[in-house]
K.L.:
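Please find one structure pasted underneath; my questions will follow.
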Amino acid sequence: MAKPRSQQISLIDTPYYHICSRTVRKAFLCGIDKETGMSFEHRRTWIEQRIFQLQQVFAIDICAHAVMHNHLHLVLHVDSDQVKGWSTVEVLTRWHQLFKGTLLTQEYCNKQSLDKFRLAIVESTAEIYKQRLIDISWFMRSLNEPIARQANREDKCTGHFWEGRFKSQALLDEGALLSCMAYVDLNPVRNAIAPTPEQSAFTSIQLRIKAAIKGAQPLALLPFIGSEHQDKVTGIRFSLQDYLQLVDETGRIIRDDKCGAINPQTAEILTRLHISNESWLKLTMNFEGIFTGAVGSAEHLCEFSEHVGLQRTHGIANAKACLNSA
């Protein structure tokens, strides 16, 4: 039985989540249908553009993404602190970029005169919208529904395009986050769709590599900010260069089928993450198979289970094997 979202998402434990959404009825999200010869590659652009549009509206950042033939991977960061500084006008302005809102919220944004009673209703509505703008379910609804409508119009059919529920995994610590990001970024290489990470179209790793060549980071993605904990700086607290090296080396191993052949310099990075070479390769090859729910060290998994009201801590054996090694 599927767990309710309240047992999958806990912002007091982590702001990072791995999301996977799949199509139904053997529908093509992207790619070329071998049976009909029809190309659906243009839908990759639909998806990526929509993701980055939503990232500008929601207080949710994109850490990693990969648009595959019949499914979509995202690693999201929920910035719940960001919304605390939003005024009513900013909340409503953001919401109206995606939804109509109410007559009163429209009048408020158009600076029409409202009495105290109506103003109170507007403020109450804005609070509801504010919570939705840090809600992963609303983010995915805002992503999937328009894409489904476009695809159904193009396919000249009706009905479901996506599976009813998207998969959500809480990423509870640095090792879980980075191994999941690498797993997502290496999807095209692992599935022999692209020979290298830099040639993996419609992925976050391609964007990061292109920007890194110019000495920058892509504005559409949550940046790497290094290991120094800087006050009031939002980002992934890890070295961008180390991450790119990890992904590049892992991609070579996957492509050349050299199981376990991690060079000493890359192994040093994994040692700092408390992940063994063998565990890293297992995680980046089969992350969703090893962990079906929340991901993190045994200690973090136990805390998460307690906070979301789970009677059993799922995945603890794999956590001890993969994410608690020296």
Side-chain angles (χ1 to χ4, degrees), residues 11-18 51-52 55-56 58-66 73-85 134 169-186 196-198 200 203-253 262-277 279-281 283-284 287 295-297 299-300 322-326:
L11 295 182
I12 64 171
D13 289 289
T14 180
Y16 295 101
Y17 295 87
H18 171 222
I51 290 170
F52 295 142
Q55 177 262 338
Q56 293 177 340
F58 282 76
I60 295 178
D61 304 299
I62 312 300
C63 301
H65 75 280
H73 285 283
L74 293 169
V75 178
L76 303 177
H77 170 261
V78 181
D79 192 352
S80 52
D81 287 335
Q82 183 184 353
V83 299
K84 295 176 182 177
I134 56 169
Q169 292 178 287
L171 306 173
L172 302 174
D173 48 41
E174 187 178 48
L177 170 64
L178 294 170
S179 58
C180 183
M181 287 179 62
Y183 170 78
V184 169
D185 279 331
L186 288 168
T196 63
E198 58 267 29
S200 301
T203 63
S204 48
I205 192 64
Q206 186 184 63
L207 297 179
R208 290 194 190 278
I209 291 171
K210 285 182 176 179
I213 292 172
K214 300 176 182 178
Q217 296 199 50
L219 297 176
L221 299 173
L222 187 68
F224 284 81
I225 59 172
S227 58
E228 296 81 10
H229 287 238
Q230 305 171 48
D231 292 338
K232 297 182 180 180
V233 174
T234 301
I236 301 167
R237 301 189 186 280
F238 194 74
S239 163
L240 172 63
Q241 193 59 43
D242 284 351
Y243 178 73
L244 294 180
Q245 182 176 329
L246 277 174
V247 173
D248 178 66
E249 178 69 13
T250 309
R252 292 174 190 272
I253 293 168
I262 290 181
N263 68 46
Q265 188 176 3
T266 305
E268 288 182 13
I269 301 172
L270 293 177
T271 299
R272 297 202 302 271
L273 290 172
H274 304 290
I275 301 177
S276 68
N277 298 2
S279 294
W280 175 261
L281 292 175
L283 287 166
T284 52
F287 190 88
V295 187
S297 66
E299 179 183 358
H300 290 140
C322 294
L323 292 169
N324 284 78
S325 53

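Only a predicted model underlies this, so the values are computations on that prediction, with no experimental measurement involved.
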K.L.:
To check you understand the geometry: which heavy-atom pair defines the closest contact between Gly235 and Tyr16, and what is its length?
P.N.:
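The pair with the smallest heavy-atom distance is O-OH, 3.7 Å.
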
K.L.:
Determine, step by step, whether Thr266 and Asp248 satisfy the side-chain contact (heavy atoms from CB on, under 4.5 Å) criterion, reporting the C-alpha distance in whole Å, the side-chain angles of both residues, the deciding distance to 0.1 Å, and the verdict.
P.N.:
CA-CA 10 Å; Thr266 305; Asp248 178 66; over 6 Å; no

K.L.:
Can you give me the closest heavy-atom contact between Tyr243 and Phe238, atom names plus distance?
P.N.:
N-CE2, 3.8 Å

K.L.:
How close do Ile275 and Cys322 get, heavy atom to heavy atom, and via which atoms?
P.N.:
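Shortest heavy-atom contact: CG2-O, 3.8 Å.
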
K.L.:
Hey, what do you get for CG (Leu323) to NE2 (His274), rounding to the nearest 0.5 Å?
P.N.:
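Spacing of CG (Leu323) from NE2 (His274) equals 11.0 Å.
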
K.L.:
For a quick test of reading the model, state the closest non-hydrogen atom pair linking Pro197 to Leu186 and the distance between them.
P.N.:
CG-CD2, 4.0 Å

K.L.:
Over all heavy atoms of both residues, which pair between Ile62 and Ala220 is shortest? Give the atoms and the distance, please.
P.N.:
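The answer is CB-O, 4.1 Å.
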
K.L.:
Which atom pairs, one a donor and one an acceptor, fall under 3.5 Å between side chains of residues 205-212 and the rest of the protein, sequence neighbours left out?
P.N.:
unit_1	atom_1	unit_2	atom_2	d
Gln206	NE2	Glu198	O	3.2
Arg208	NH1	Leu222	O	3.2
Arg208	NH2	Cys63	O	2.8
Arg208	NH2	Leu222	O	2.9

K.L.:
Taking Asp185 for its side chain and Val247 for its backbone only, find out whether a donor-acceptor pair lies under 3.5 Å.
P.N.:
no

K.L.:
Just to verify, what does Asp242 make a salt bridge (Lys or Arg N to Asp or Glu O under 4.0 Å) with, not counting sequence neighbours?
P.N.:
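Per chain and number, Asp242 pairs via salt bridge (Lys or Arg N to Asp or Glu O under 4.0 Å) with Arg272.
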
K.L.:
Among residues at least two apart in sequence or on other chains, which ones pass salt bridge (Lys or Arg N to Asp or Glu O under 4.0 Å) with Lys84?
P.N.:
Asp81

K.L.:
Evaluate the side-chain proximity of Phe52 to Leu221: yes if any heavy-atom separation is below 4.5 Å, no if none is.
P.N.:
yes

K.L.:
Taking atom CG of Leu171 and atom CZ of Phe287, what is their separation to the nearest 0.5 Å?
P.N.:
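Leu171 atom CG to Phe287 atom CZ measures 5.5 Å (nearest 0.5 Å).
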
K.L.:
How many angstroms lie between atom CH2 of Trp280 and atom CG of Leu246, to the nearest 0.5 angstrom?
P.N.:
4.5 Å

K.L.:
Any side-chain heavy atom of His300 within less than 4.5 Å of one from Asp13?
P.N.:
no

K.L.:
Distance check, rounded to the nearest 0.5 Å: Ile269 atom CD1 versus Gln241 atom CD?
P.N.:
8.5 Å

K.L.:
Got a second to check how far His18's NE2 is from Leu177's CG, nearest 0.5 Å?
P.N.:
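These two atoms lie 11.5 Å from each other.
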
K.L.:
For a quick test of reading the model, state the closest non-hydrogen atom pair linking Ile134 to Val78 and the distance between them.
P.N.:
O-CG1, 3.5 Å

K.L.:
State which residues pass side chain to side chain donor-acceptor pair (under 3.5 Å) with Ser239; sequence neighbours excluded, sorted by chain then number.
P.N.:
none

K.L.:
State which residues pass side chain to side chain donor-acceptor pair (under 3.5 Å) with His65; sequence neighbours excluded, sorted by chain then number.
P.N.:
Glu48

K.L.:
Quick check for you: to the nearest 0.5 Å, what is the distance between Leu11 atom CG and Ser80 atom OG?
P.N.:
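Here the interatomic distance stands at 5.5 Å.
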
K.L.:
Go through the structure and list residues passing side chain to side chain donor-acceptor pair (under 3.5 Å) with Ser179, not counting sequence neighbours.
P.N.:
none

K.L.:
For the side chain of Gln217 and the backbone of Phe224, is there at least one donor-acceptor N/O pair under 3.5 Å apart?
P.N.:
yes

